[in-house]
Amino acid sequence: MAELTPEANRAARAILRWSVRDLAENAGIAFSTVHRFESTGTATASTKEKIKAAFAAHDVEITNGDYTGARLRLHKTAD
C-alpha cells in the first residue's frame with residue numbers, strides 16, 4: 001500500500017463518508033491523533049498502519065499514481 005498523506009486520508013474518509021471520529025473509532029486511535037495528522041501530517045508509523053488497516057477492512061486503499069489519493073477496491077464477480 002502507498003504512503004498515507006493527510007490528503008489521501010481525507011479522500012479515503014470521504015469515500016466511506018466517515019467523520020474524523022468514525023476513523024478514530026475504526027482505527028482504534030484517538031480523535032485528536034487523526035485531527036493532528038490531517039492538520040500537520042505528523043503521525044507515527046504505527047498510527048499510519050492502523051489508519052490504513054481500518055480503510056483496508058472497508059475495501060478502501062491508499063494509492064500513489066500521479067498524485068496521492070484513495071480508491072474503493074472493486075470485487076470481481078464470477079461470470
Return the set of residues passing side chain to side chain donor-acceptor pair (under 3.5 Å) with Lys50 (not counting sequence neighbours), or none when no residue passes. none
What pairs with Ala30 under side chain to side chain contact (heavy atoms under 4.5 Å, CB included), at least two apart in sequence or on another chain? Ser32, Thr33
Can you tell me how far CZ of Arg13 sits from CZ of Arg10, rounded to the nearest 0.5 angstrom? 8.0 Å
What ring pair (Phe, Tyr, Trp, His ring centres under 6.0 Å) pairs are there with at least one residue in residues 10-54, not counting sequence neighbours? Trp18-Phe55, Trp18-His58
Residues forming a salt bridge (Lys or Arg N to Asp or Glu O under 4.0 Å) with Glu25, sequence neighbours excluded: none
Within this structure, what is the NZ-OG1 distance for the pair Lys48 and Thr42, rounded to the nearest 0.5 Å? 8.5 Å
Tell me every residue that passes side chain to side chain donor-acceptor pair (under 3.5 Å) with Ser46, counting only those two or more places apart in sequence or in another chain. none
Looking only at non-hydrogen atoms, find the nearest pair between Ala54 and Leu23 and report the distance. CB-CD1, 4.3 Å
For a side chain to side chain contact (heavy atoms under 4.5 Å, CB included) check, start with the C-alpha distance between Ile51 and Ile62, then their side-chain angles and the critical distance, and finish with the verdict. CA-CA 10 Å; Ile51 290 171; Ile62 303 303; over 6 Å; no
First locate atom CG of Asp59, then atom CD1 of Ile15, and finally report the distance between them rounded to the nearest 0.5 Å. 11.0 Å
Does the Asp22 side chain pair with the main chain of Ser19, one donor and one acceptor, at a distance under 3.5 Å? yes
Taking all heavy atoms of Pro6 and all of Glu38, pick out the closest pair and write down the distance. CB-O, 3.7 Å
For Ser39, check side chain to side chain donor-acceptor pair (under 3.5 Å) against everything at least two apart and list the hits. none
